[in-house]
Amino acid sequence: MAATTDEAGVVPDPVNRVTLRDPIRESEERANQARIKRLTEAFNVFDQESNNTIPSTELGTVVRSLGLVPTEGELQDILSEMSDDSNPESIHLERFLNVMNVILKDRRYQGEPESKILRAFQVLDAENNGFITEEEFRNYLCKEGEPFNDEEFQDFMTIALDDESDRICTYKDFIQNLVVEDND
Amino acid sequence: MLSEGWKCFCCPQILKYPRRSVVAPIQHPPSEPEPAQPLPQTQHCSPPLPPRPVRPKRKKSDITLAAVVIIQTWFRRRRALYEMRRKTAWTIYQNIEYAGEQDQLKLYNFFLELMQAVTTNPHDAQVVAKVLRRNSSLTGLAEELDLKHLTTPEAITVESSYRGPHIHTPIHKGHFEALILAFQRGELLHAHYVLLILHELRHILKRLPNVNIVSTHQSRYVTVVGDLHGSLADLMVIFHKNGLPSNENPYIFNGDIVDRGFQSMEVFLLISVAVIVYPNNVYLNRGNHEDHVLNLRYGFMKEIIYKYKSHATRLLRLFENIYSWLPIASLIDDHIFVAHGGISDITDLNKINEIKRQKYISVLSPNFIIPANEDQFQISSISDEVLLEWRQILDLLWSDPKQADGCEPNTYRGGGCYWGPDVTEKILQKHNWTLLIRSHECKEEGFGYSHDKKVLTIFSASNYYAVGSNRGAYVKIITNQPPIIIQFMATRATHKTLTLWERVSYVEDQAIQNLAEKFSVNKSRLMKEFALVDPGNTGRISVNAWCDIVSHVLDLQLPWRTLRARLVDTDISGMVIYESTFRSKELRFTSNISTNARRESLCQAIYRNKDLLETVFRAIDKDNSGVISMQEFTEVCSFLGKHNGSKLDEKQIMDLAASIDLNKNGVIDFNEFLEAFRIVDVGDRFQN
């Protein structure tokens with residue numbers, strides 16, 4: 001007969017009176033717990049008033065700090081899933097956990113592999129110079145797609161440029177810097 | 001403004017502080033290039049100009065768009081990681097600061113409880129009384145004469161070898177500017193002149209009411225400055241950006257001028273001279289750190305002793321008295337109330353005006369609660385009336401706002417209240433005020449609004465925790481206009497402008513080092529707990545277990561999972577190799593003595609309590625000689641040990657002191673003792 005596991009992943013065996021453990025279920029449960037802890041910790045860093053809410057404007061930072069790579073548009077989707085109409089300015093921990101747990105489990109918004117990022121730069125480097133100038137970056141990144149604001153662009157340029165004097169970015173070297181794996 | 005000798009600490013170029021990332025509204029890529037508009041015809045009759053050729057716009061392909069978005073998205077992720085790190089470092093600093101303060105205040109609450117218990121060990125009570133008693137038990141006229149006698153400048157002669165500035169009465173603007181230049185050069189003002197200035201200040205303060213009445217009628221505006229905490233650099237930035245104080249440029253300094261920073265004396269002196277030269281346009285509010293009891297612990301006393309040595313006692317005594325004469329709040333144009341901490345549910349202007357503020361030499365432990373004479377163990381029963389009056393002034397200097405309604409005792413600080421928006425509403429309405437300006441809390445942006453913009457916190461010490469940790473700010477109140485807030489960040493001229501990435505690294509580095517130090521002074525306790533969950537002695541435990549134990553032993557609520565990678569090593573299967581917790585810092589003795597596990601544990605306990613020990617030692621050492629009797633020394637150690645559960649065994653400590661050879665003829669130089677413990681860097685620095 002089919003064995004059913006209870007909450008703790010334990011399989012009661014009425015015949016032999018020995019409780020069997022279901023290792024798969026247990027490790028799933030452990031992984032789930034670990035995810036929740038990780039999510040809660042990241043959430044709490046921005047929970048200024050310790051009341052289990054964060055301002056909606058911080059969602060982007062929190063989600064990305066977990067290692068995910070959603071676009072601004074995708075963030076909007078995530079936001080709408082977890083925001084509360086009665087209080088759109090803030091997000092509550094519970095809804096955050098529910099939505100993010102699924103996202104983490106399904107391994108969504110993982111971002112592109114390095115090869116694809118390299119390809120992206122090559123597309124912008126129309127003349128195939130091997131580098132892109134500040135001016136070109138400005139035209140692309142500040143005017144198209146999901147444009148940078150001034151501060152974002154400024155910070156981008158400080159790491160993109162090869163050095164202070166020449167205003168070019170040899171993007172092959174830059175990519176390492178861009179996809180820095182931080183804590184993990 | 002000033003003569004050419006003026007040197008400014010601040011960078012000419014103010015850092016642009018990154019705004020937190022915002023979820024940007026979706027931008028739809030433009031669908032078609034706009035049609036070219038023909039130029040308008042010119043007025044005169046020359047033949048019409050041909051339309052300017054339209055620059056052909058690049059055809060936006062989906063591929064380009066996708067490429068752009070990929071780059072933008074990945075960059076935003078990197079930026080968010082840094083933002084998170086910055087915020088985490090901030091959390092670390094705030095938690096450590098609050099934990100430190102809580103510890104300090106728990107101690108004083110403990111003292112108070114002890115004093116209140118009638119049946120108590122007279123031995124213990126003696127230690128307590130020694131710590132908290134005032135330097136003098138005189139009152140009234142006798143006190144005044146005694147003070148004048150002890151602190152008269154005439155008692156100190158200025159040597160001919162003294163090269164610093166000379167100050168004489170009447171003190172004028174020239175002296176003010178001379179002092180600014182001298183302090184920027186790092187010069188010390190002679191104790192004789194310090195006493196001179198302080199007495200002039202005291203003379204003015206004694207005539208002031210409890211609440212400064214400030215009007216923008218003549219000058220059209222007034223500038224309010226928050227906590228400076230001994231930061232000369234920040235004061236210079238403010239004077240540079242906002243102009244020196246004058247009759248046309250009035251200032252209110254909202255307390256916490258001293259402690260923490262190492263130029264508290266210079267900052268206090270400059271502000272004092274400003275008050276003396278422009279007594280009707282420079283106002284002071286007392287902060288919770290304008291209190292000799294706090295100066296014991298938070299650095300001002302140490303600074304004075306270090307800088308002025310044999311004259312320290314005189315100076316400390318005069319400061320103690322001057323604090324009590326500082327006004328406790330200001331009222332601008334009858335509708336903006338300014339106090340250092342804030343308010344509480346009982347705040348009442350009439351009641352405040354009636355207080356004889358000079359009674360409160362220390363606001364935290366006023367002497368009518370703690371007996372002046374160490375023989376008096378019992379406190380006289382305190383009436384409600386007296387307690388309520390104490391609360392009026394305590395709440396003004398110590399309270400913090402909170403988000404939820406209500407008013408409850410501020411357990412973090414051990415004094416004052418947490419007050420909610422309903423209390424703000426009630427008190428503002430009661431007095432017909434429109435705004436409450438306060439300081440007391442460090443803010444990342446240097447300022448913060450709460451309670452529906454009815455409360456403004458203004459904090460003027462930038463880089464408070466570490467270089468780059470926060471901006472400072474000050475506020476200009478202009479007649480009948482909303483307040484204008486100006487932010488700044490003091491940086492040394494030698495540092496190049498830091499990028500976001502560099503700034504986060506600096507701030508975080510310091511914070512991580514702080515944590516590593518905490519690990520080293522808690523090594524015995526941590527290892528004990530680690531061993532408990534590692535019965536097989538594998539040297540490894542789960543991440544969960546590590547986080548729980550560290551959080552519990554250090555009593556710090558921090559994002560340990562996020563921090564873990566920077567603090568410990570893990571093996572391939574993801575288990576924490578817990579010994580690596582101590583890989584970067586170690587607590588060591590400077591001299592060679594034999595150590596065993598028990599002694600190590602004792603040393604760590606002493607180091608954990610280092611600040612408190614130092615505070616209490618200093619309080620007992622009435623003549624500021626740096627030396628106390630061996631007996632007193634061991635009493636204090638074991639007393640504190642009882643207080644917070646560490647085992648500071650008297651005999652063990654005496655053994656330790658003896659082995660360091662610091663016990664000389666029954667007295668001990670406690671500075672030497674405490675300096676025998678150092679935290680040193682070991683092994684390789686953790687990878688970043």
Novice: So which of B:Leu558, B:Ile71, B:Val543, B:Asn544 has the largest heavy-atom pair count under 4.5 angstrom toward chain A?
Specialist: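 Answer, by heavy-atom pair count under 4.5 Å with chain A: B:Ile71.
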Novice: Is it the side chain or the backbone of B:Trp560 that comes within 4.5 Å of chain A heavy atoms, both, or neither?
Specialist: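 Both backbone and side chain.
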Novice: Can you see which heavy atom on A:Arg64 is nearest to which on B:Ala80, and at what distance?
Specialist: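 Minimum heavy-atom separation between A:Arg64 and B:Ala80: CB-CB, 3.4 Å.
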Novice: Go through the atoms of B:Gln403 and report whether side chain, backbone, both or neither lie under 4.5 Å from a heavy atom of chain A.
Specialist: side chain
Novice: Relative to chain B, which segment of A:Ala126 carries a heavy atom at a distance below 4.5 Å: side chain, backbone, both, or neither?
Specialist: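 Neither part.
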Novice: Just wondering, do B:Arg79 and A:Phe156 contact through their side chains at under 4.5 Å, heavy atoms?
Specialist: no
Novice: What do you reckon, is CD of A:Glu94 surrounded by more than 12 foreign heavy atoms closer than 6.0 Å?
Specialist: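 No, because the 6.0 Å sphere around CD of A:Glu94 holds 12 heavy atoms or fewer from other groups.
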Novice: If you tally heavy-atom pairs under 4.5 Å against chain B, which of A:Leu124, A:Thr71, A:Val123, A:Val69 wins?
Specialist: A:Val69
Novice: Report the residues that fulfil salt bridge (charged side-chain N to carboxylate O under 4.0 Å, His left out) with A:Glu81, sequence neighbours left out, ordered by chain and then residue number.
Specialist: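 In terms of salt bridge (charged side-chain N to carboxylate O under 4.0 Å, His left out), with neighbours along the sequence ignored, A:Glu81 is linked to no residue.
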Novice: Determine, stepwise, if the pair B:Thr562 / A:Glu41 fulfils side chain to side chain donor-acceptor pair (under 3.5 Å).
Specialist: CA-CA 7 Å; B:Thr562 316; A:Glu41 235 186 40; 2.9 Å; yes
Novice: What do you reckon, is CD1 of A:Ile36 surrounded by more than 12 foreign heavy atoms closer than 6.0 Å?
Specialist: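 Correct, the count exceeds 12.
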Novice: In the structure I gave you, are the side-chain heavy atoms of B:Arg78 and A:Ile159 within less than 4.5 Å of one another anywhere?
Specialist: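 With C-beta onward as the side chain, the pair touches.
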Novice: At a heavy-atom distance under 4.5 Å, which candidate from A:Asn177, A:Val63, A:Leu68, A:Val62 has the highest pair count against chain B?
Specialist: A:Asn177
Novice: Rounded to the nearest 0.5 Å, how far apart are CG of B:Leu81 and CG of A:Leu66?
Specialist: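 Taking CG in B:Leu81 and CG in A:Leu66, the distance rounds to 9.5 Å.
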Novice: Side chain of A:Glu152, backbone of B:Phe75: donor and acceptor closer than 3.5 Å?
Specialist: no
Novice: Which distance, rounded to the nearest 0.5 Å, do you find between the CH2 of B:Trp74 and the CD of A:Glu114?
Specialist: 8.0 Å
Novice: Is the count of non-hydrogen atoms from other residues, nucleotides or ligands lying under 6.0 Å from A:Arg119 atom CZ greater than 12?
Specialist: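 Atom CZ in A:Arg119 is not packed in, count stays at 12 or less.
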Novice: Could you tell me whether the side chain of A:Glu146 and the main chain of B:Gln72 form a donor-acceptor pair under 3.5 Å?
Specialist: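 Such a contact is absent between A:Glu146 side chain and B:Gln72 backbone.
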Novice: Do A:Val45 and B:Trp90 have side chains that get closer than 4.5 Å, going by heavy atoms?
Specialist: no
Novice: First locate atom CG of A:Asp155, then atom CH2 of B:Trp501, and finally report the distance between them rounded to the nearest 0.5 Å.
Specialist: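 Answer for the CG-CH2 pair, A:Asp155 versus B:Trp501, is 5.5 Å.
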Novice: Check side chain to side chain contact (heavy atoms under 4.5 Å, CB included) between A:Ile24 and all other residues, then give those that pass, not counting sequence neighbours.
Specialist: A:Asp22, A:Glu28
Novice: Say you draw a straight line from OG of A:Ser65 to CZ of B:Arg77; how long is it, rounded to the nearest 0.5 Å?
Specialist: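 Here the interatomic distance stands at 9.5 Å.
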Novice: If I measure from the heavy atoms of chain A, does B:Thr91 come under 4.5 Å with its side chain, its backbone, both, or neither?
Specialist: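 The side chain, not the backbone.
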Novice: With side-chain contact (heavy atoms from CB on, under 4.5 Å) as the test, would you mind laying out the steps for B:Thr64 and A:Tyr140 before giving the verdict?
Specialist: CA-CA 9 Å; B:Thr64 310; A:Tyr140 284 122; 3.7 Å; yes
Novice: Can A:Glu58 and B:Lys87 be said to form a salt bridge (Lys or Arg N to Asp or Glu O under 4.0 Å), step by step?
Specialist: CA-CA 11 Å; A:Glu58 304 289 10; B:Lys87 202 66 196 215; 5.3 Å; no
Novice: So for A:Pro70, is it side chain, backbone, both, or neither that comes closer than 4.5 Å to the heavy atoms of chain B?
Specialist: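 Only the backbone of A:Pro70 comes within 4.5 Å of chain B.
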